[in-house]
Amino acid sequence: MELRLYNTLTRSKDPFRPIDPARVRMYVCGPTVYDHAHIGNARPVIVFDVLFRLLRRLYGERAVTYVRNITDVDDKINARAAERGITIRDLTEETYAWFREDVAALGCLPPSVEPRATEHIAEMHQLIERLVASGHAYVAQEHVLFNVPSMPDYGQLSRRPLDEMIAGARVDVAPYKRDAMDFVLWKPSTGDAPGWPSPAGIATPGRPGWHIECSAMSWKHLGETFDIHGGGIDLVFPHHENEIAQSRCAFHTGVMAQVWMHNGFLMLEGEKMSKSLGNFVTIRELIGEWPGEVLRLAMLSTHYRQPINWTRQGLGFAAKTLDRWYRVVGDVAAVTGGENPFEAELAERLGDDLNTPAAIAHLHQLADVAESDARSAMLFKGAANLLGLLGDTETGWRARAKAAIAVDEQAIESLIAERLAARKAKDFKRADQIREELAAGGIVLMDNKDGTTSWEIAR
């Protein structure tokens with residue numbers, strides 16, 4: 001099969017041709033660990049986990065290296081540690097552990113390497129020294145700044161008008177900048193801020209800028225150029241644009257990564273998620289209500305490049321789907337790899353720019369086939385595994401679903417009685433509303449011509 005990926009750099013969907021098929025390399029920007037990760041943070045983790053699985057199927061598990069970094073030095077981290085009265089290291093150890101637990105609950109494989117920024121200060125120094133020596137960076141008032149005008153084709157990834165790039169760069173206003181778009185590679189540390197010996201002959205301790213961290217970690221673990229760089233669409237400018245500038249100018253290469261992939265924004269019930277609106281939802285909160293697999297299927301039901309509207313109704317649909325699929329597979333073992341034609345069919349659909357909605361639609365069709373045939377059920381389960389789904393047995397799923405919901409049986413029975421009365425009164429709109437409310441809460445009603453006969457937890 002041919003894998004085609006949309007490349008933000010070229011603005012086209014192109015066949016994927018790794019630099020070395022025996023060493024396929026992918027880097028994805030990970031979290032800044034200062035608090036519980038929110039559901040928007042989960043999207044790139046899940047999306048690129050699916051791509052990791054697909055690449056391993058195509059090129060072999062040993063041939064694929066997936067690097068997802070941890071940013072553990074940042075002003076937000078400094079502020080949160082001070083607020084809680086703990087050390088920065090204690091904070092990042094705690095929040096990093098939370099993140100690992102959360103993404104494991106979402107069914108994500110561990111990346112090949114999960115480097116921490118603070119463990120790559122030496123590599124950052126080397127990059128900065130290279131940039132200063134070649135005239136692409138300069139020292140000013142104990143800062144080291146990248147000299148954007150020294151790179152004539154800066155801006156190829158985001159393709160923003162000059163005035164927009166200048167406006168974006170002015171977030172960090174400083175009188176010592178030679179150009180408005182110049183950005184910080186290294187800055188002095190004062191007070192309780194963490195600090196390391198500075199590069200470029202600066203006497204006072206300092207700490208890295210955000211962008212140089214990813215350039216250093218990707219170089220260390222993947223080399224000067226590699227195959228795929230991923231992250232959220234919000235990182236295109238300035239973060240990824242500046243990564244490209246640093247890495248290309250340090251190594252005098254035409255590209256940093258061949259393919260740049262970006263997932264779309266996440267909205268929550270039709271609104272931008274923010275703490276000020278009171279709709280900020282963490283992964284931890286959601287997996288306290290729903291099995292992580294429900295969150296995963298709901299996330300993959302929208303194509304990764306499109307914005308996603310995250311709703312409780314969508315979670316209810318995902319839970320109902322998984323309930324049905326686990327009924328189909330029961331407790332059978334999965335068949336994976338070359339012996340599974342269903343998996344090959346699913347891989348073909350994912351090969352079209354990671355088209356997870358098409359893959360899920362095909363799984364619905366395969367479930368119909370698998371429902372009456374034990375061998376097909378094993379093939380169906382193996383195919384779903386390519387999406388990181390159906391990794392459990394039906395018995396395990398039922399136990400997880402039951403544990404993930406606190407059922408108010410009296411409230412459910414009351415709503416069922418209200419729905420029955422609404423149907424008798426021919427108020428079908430209200431009856432449908434009640435069914436949808438219950439479905440959004442993970443409750444499936446069993447109806448016949450006489451009314452609701454029973455209900456069960458679908459998640």
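In this chain, residues are counted from 1 in sequence order.
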(message) Could you tell me if His38 and Thr282 have a donor-acceptor pair between their side chains, going purely by distance under 3.5 Å?
(response) no

(request) Report the distance from atom CG of Leu5 to atom NZ of Lys13, rounding to the nearest 0.5 Å. (result) 9.5 Å

(request) To the nearest 0.5 Å, tell me how far Thr71 OG1 sits from Ile77 CD1. (result) 7.0 Å

(message) Ignoring hydrogens and geometry beyond distance, is a side-chain donor-acceptor pair present between Ser247 and Ser215 at under 3.5 Å?
(response) yes

(message) Can you tell whether the side chains of Glu241 and Arg160 come within less than 4.0 Å, N to carboxylate O?
(response) no

(request) Give a yes or no on whether Arg62 atom CZ has more than 12 heavy-atom contacts from other residues, nucleotides or ligands under 6.0 Å away. (result) no

(message) For Tyr59, does the six-membered ring have the charged nitrogen or CZ of Arg56 within the cation-pi criterion, i.e. under 6.0 angstrom from the centroid and within 45° of the normal?
(response) no

(message) Can you tell whether the side chains of Arg312 and Glu269 come within less than 4.0 Å, N to carboxylate O?
(response) no

(request) Ignoring hydrogens and angles, state whether a donor on the side chain of Tyr154 or Asn242 is under 3.5 Å from an acceptor on the partner side chain. (result) yes

(request) State, without any angle test, whether Asn385 and Thr336 hold a side-chain donor-acceptor pair at a distance under 3.5 Å. (result) no

(request) List for me each residue that meets side chain to side chain contact (heavy atoms under 4.5 Å, CB included) alongside Lys429, sequence neighbours excluded, and say none if there are none. (result) Asp427, Gln433

(message) Centre-to-centre under 6.0 Å for Phe342 and Phe380, is that the case here?
(response) no

(message) Can you confirm if the aromatic rings of His125 and His120 lie within a centre distance of less than 6.0 Å?
(response) no

(request) For Asp373, check side chain to side chain donor-acceptor pair (under 3.5 Å) against everything at least two apart and list the hits. (result) Ser376

(message) I'd like to know if Arg324 and Glu371 make a salt bridge, using a cut-off of under 4.0 Å between side-chain N and carboxylate O.
(response) yes

(request) Give a yes or no on whether a salt bridge exists between Asp227 and Arg23, defined as a side-chain N under 4.0 angstrom from a carboxylate O. (result) no

(message) Between Glu83 and Arg80, does any NZ, NE, NH1 or NH2 come within less than 4.0 Å of an OD or OE carboxylate oxygen?
(response) yes

(message) Regarding Glu213 and Arg207, does a basic nitrogen lie under 4.0 Å from an acidic carboxylate oxygen?
(response) no

(request) Output all residues satisfying side chain to side chain donor-acceptor pair (under 3.5 Å) with Glu243, sequence neighbours left out; order by chain, then residue number. (result) His229, His239

(message) Please identify which of these residues, Ile228, Val113, Asn69, meets the side-chain contact (heavy atoms from CB on, under 4.5 Å) condition with Tyr27.
(response) Asn69

(message) Any salt bridge linking Asp352 with Arg4? Criterion: basic side-chain nitrogen under 4.0 Å from a carboxylate oxygen.
(response) no

(request) Not counting sequence neighbours, which residues clear side chain to side chain donor-acceptor pair (under 3.5 Å) with Arg17? List them please. (result) Glu2

(request) Drop me the distance from Ile360's CD1 to Ser301's OG, to the nearest 0.5 angstrom. (result) 4.0 Å

(request) Answer yes or no: does atom CD of Glu285 have more than 12 heavy-atom neighbours from other residues, nucleotides or ligands under 6.0 Å? (result) yes

(message) Under 4.0 Å between a side-chain nitrogen and a carboxylate oxygen: does that hold for Asp49 and Arg296?
(response) yes

(message) Just verifying a value: how many Å separate Glu345 CD and Leu386 CG, rounded to the nearest 0.5 Å?
(response) 12.0 Å

(request) Not counting sequence neighbours, list each pair that qualifies as a salt bridge (charged side-chain N to carboxylate O under 4.0 Å, His left out) and has a residue in residues 102-119. (result) Arg68-Glu114, Asp72-Arg116, Glu93-Arg116, Asp102-Arg284

(request) Apply side chain to side chain donor-acceptor pair (under 3.5 Å) to Asp14 and list each qualifying residue two or more places apart in sequence or on a separate chain. (result) Thr10, Ser12

(request) Apply the test side-chain contact (heavy atoms from CB on, under 4.5 Å) to residues Asn355 and His303: give CA-CA distance (whole Å), side-chain angles for both, the deciding distance (0.1 Å), then the verdict. (result) CA-CA 6 Å; Asn355 194 338; His303 191 276; 4.1 Å; yes

(request) Taking the six-membered ring for Trp and the single ring otherwise, decide whether the centroids of His211 and His240 are under 6.0 Å apart. (result) no

